[in-house]
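What you are looking at is a predicted structure, and each value in this text was computed from that prediction instead of being measured. Whatever order the structure lists ligands and atoms in, that order sets their numbers, starting from 1.
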Amino acid sequence: MIGRTWQRGARAVLGMLGLLTTGCMSFDGLDEPVALQANVADWRDQVIYQILVDRFANGDTSNDFNIDTTSQARWHGGDWAGLEAKLPYLQELGVTAVWISPVYKNVDTDANVDGYHGYWPQDFTQTNLHYGDLMALRRMVREAHERGIAVIIDVVTNHVGQLFFYDINLNGHPDESVRGSGEQSDVLHINEYDPDFDPRGIQSETSLGEAGPAPIIFTHDPASNHLPPMPAVLQRPEMYNRRGRTVNFEEPDQLLHGDFPGGLKDLDTTRCEVKQAMVESYARWVELTDVDGFRIDTIKHVDREFWRYFAQKIRQRLARKGKTNFFMFGEAFDGRPDLVGAYTKSELPAAEQLSRENECVEDSLGITGDQLDGVFHFPQYYQVIRDVFRDGMSTDRIETLWADRAKHYGTTANELGTGLAPIKTLVNFIDNHDVPRFLFEGDVDGLRLALLFVMTEDGLPCIYYGTEQEFRGGNDPANREDLWLSGYATTGSTFRYTQALARLRQRHAALRRGDQKVVWASNRTGSEQDAGIFAFERSGGDAGSSYALVVLNASGAHPSSPVFNGAPMKVGVAPGTVLVDVLGNKGAPSGTKYTVSGSGTLVIELPPKSGALLIPESQK
Ligand SMILES: [Ca+2]
Ligand SMILES: [Ca+2]
Ligand SMILES: [Ca+2]
């Protein structure tokens with residue numbers, strides 16, 4: 001029954017699209033492209049909202065096959081039609097860009113867990129039928145654009161889903177084999193779907209010993225969508241690293257070339273065919289839908305040369321077709337700013353390596369050093385969102401993090417990119433689908449501070465769906481709640497607070513485009529004077545005369561002020577300037593005024609865990 005439903009859906013889509021590709025690397029003849037255009041003038045103006053499509057809104061019950069809403073690890077029924085219907089909700093919140101789950105066809109279910117998240121690619125050329133067909137995706141994107149909302153799709157280039165096994169014992173079947181007696185030798189369990197890493201490649205073995213590289217065998221189970229990958233070039237064994245499962249992420253060979261735990265088969269991203277297939281697949285999704293950017297999964301598990309090729313060839317191809325200002329930002333799940341920032345720097349490889357990389361180039365545009373336009377600010381997640389706003393550590397951690405930014409992140413714009421240096425378009429987030437939600441261990445006041453911070457600092461704020469509804473799920477999958485459980489209420493205090501911040505960010509150019517300067521940070525904690533205070537100004541840069549001052553008290557212990565040993569905070573506006581708190585906090589309502597003293601200092605006291613957003617009265 002369930003299998004038949006799936007096949008009916010698959011046939012319907014194939015029928016609609018015309019025909020299935022047969023040759024390798026052929027994507028032509030499938031569908032009509034749409035007119036591409038740049039829908040975003042300046043990415044710094046955007047407020048991104050992250051959506052797990054399966055969990056956001058269910059707008060079409062005809063695609064609800066295999067769903068089980070009683071388990072967090074199963075399909076729940078959300079789709080693009082649902083997202084389209086809820087665009088007014090996002091508009092009301094102040095969202096200007098959505099980042100959605102990967103759009104292609106996924107492994108449907110594996111080992112009793114479903115591919116509802118979209119990170120288990122099977123067919124890069126077709127839509128995930130749980131989310132809808134190509135027309136539904138196009139309609140949603142078009143409707144979003146009409147409402148001034150850009151669309152970013154999630155892309156995976158590191159791996160495919162659990163699509164083959166290593167036939168280690170050469171019997172043609174996927175086995176779980178056990179070796180050793182436990183007396184003279186260790187007992188060893190070997191799962192042919194997910195054997196441990198071997199730097200030589202997974203080896204086959206018989207009773208006589210090793211017998212050369214283990215063949216890989218693709219599985220055929222339409223009911224769970226375990227089928228050979230598409231495009232067909234990915235059915236060739238040499239397209240994979242075939243070294244088995246990563247057990248030590250600190251070991252570079254394993255980090256880059258091991259199968260991601262769960263049996264996600266690692267592509268050989270140094271091969272021209274793989275590089276070209278990924279550019280072809282993902283450029284095509286843009287050409288079919290006019291989406292505006294890529295959020296790129298697991299970048300630190302992919303060879304660096306791949307990012308040069310992928311980013312440059314995507315930009316060149318899309319720009320030729322009218323899609324400029326395309327934004328590509330990556331996810332390196334790591335707290336080290338030097339590692340994360342390295343993907344945003346222009347870095348030409350040594351001559352020999354460059355010449356090898358250029359062998360994959362089929363046009364006249366040779367490889368340069370350019371990589372991605374931005375990255376998730378994971379170091380900030382750990383060092384600020386968690387340490388300062390959730391756990392109350394000293395605010396000089398923020399100053400330290402910011403001080404080193406120019407050293408770690410790219411400071412020049414990529415050719416044919418967003419027109420902005422990556423250091424200006426870091427993606428600042430509080431929650432995402434891979435970490436426990438802030439409220440799992442933090443409190444609402446701390447969450448508000450974090451929201452104030454990411455919505456006013458340099459870079460792009462990214463709100464994870466449900467944060468505005470005060471969802472508090474823990475680790476994956478508990479942090480992937482159904483948004484419909486909230487009733488999409490727009491009256492909750494955190495929804496309203498986020499909305500107010502988004503509006504203020506739109507109104508005041510300083511909050512989007514101004515340079516950033518720390519005017520107060522403290523290494524004190526607990527009951528010490530000025531503990532928890534952090535203050536920064538945004539002005540200058542591309543903000544004209546717009547000015548903003550943000551003052552936070554992250555301390556939960558006591559009211560605090562930016563003053564230490566009698567020396568108050570100095571600010572960058574003229575003596576006598578009247579600054580207005582346009583946000584309001586627990587201690588003072590919106591509209592409260594503060595006057596800069598004759599010596600350029602400002603006196604302000606903030607209750608525990610609260611913040612103020614100060615704008616000159618003349619600019620209010
Ligand atoms: Ca549905
Ligand atoms: Ca076997
Ligand atoms: Ca890899």
Atom of His173 nearest the Ca ion (ligand 2) (restricted to N/O/S, atom name only): O

Short N-O contact, Glu287 and Arg317, less than 4.0 angstrom: yes

With the threshold set at 4.0 Å, does a side-chain nitrogen-carboxylate oxygen contact exist between Arg480 and Asp434? yes

Got a salt bridge between Arg236 and Glu238, using NZ or NE/NH1/NH2 to carboxylate O under 4.0 Å? yes

Looking at the Ca ion (ligand 2), which N/O/S atom of Asp167 is the nearest one? OD1

Check for me whether Arg304 meets the cation-pi criterion with Tyr343, that is, NZ or CZ under 6.0 Å from the six-membered ring centre and within 45 degrees of the ring axis. yes

Between His301 and Phe249, is the ring centroid distance below 6.0 Å? yes

Return all protein N, O or S atoms below 3.0 Å from the Ca ion (ligand 1), chain by chain in residue order. Asn58 OD1, Asp60 O, Asn63 OD1, Asp64 OD1, Gly77 O, Asp79 OD2

Strictly under 6.0 Å, is that where the ring centroids of Tyr119 and His433 end up? yes

Glu192: its N/O/S atom lying closest to the Ca ion (ligand 2) (atom name): OE1

Any N/O/S atom, side chain or main chain, of His301 closer to the Ca ion (ligand 3) than 3.0 Å? yes

Please confirm if an N, O or S atom belonging to Leu256, backbone or side chain, lies less than 3.0 Å from the Ca ion (ligand 3). yes

Lys313/Asp363 salt bridge by N-O under 4.0 Å criterion: yes

Among the N/O/S atoms of Asp175, which is closest to the Ca ion (ligand 2)? Give the atom name. OD2

Does Phe124 reach the side chain of Leu234, with side-chain heavy atoms less than 4.5 Å apart? yes

How many degrees, to 10°, between Asn158 OD1 and Asp266 OD1 as seen from the Ca ion (ligand 3)? 80°

Any Lys/Arg nitrogen of Arg147 or Glu143 sitting under 4.0 Å from an Asp/Glu carboxylate oxygen of the other? yes

Using the salt bridge (Lys or Arg N to Asp or Glu O under 4.0 Å) rule, pick out the option among Asp259, Asp198, Asp268, Asp253 that qualifies with Arg243. Asp253

What does the angle at the Ca ion (ligand 2) come to, between atom OD1 of Asn169 and atom OD1 of Asn171, rounded to 10°? 80°

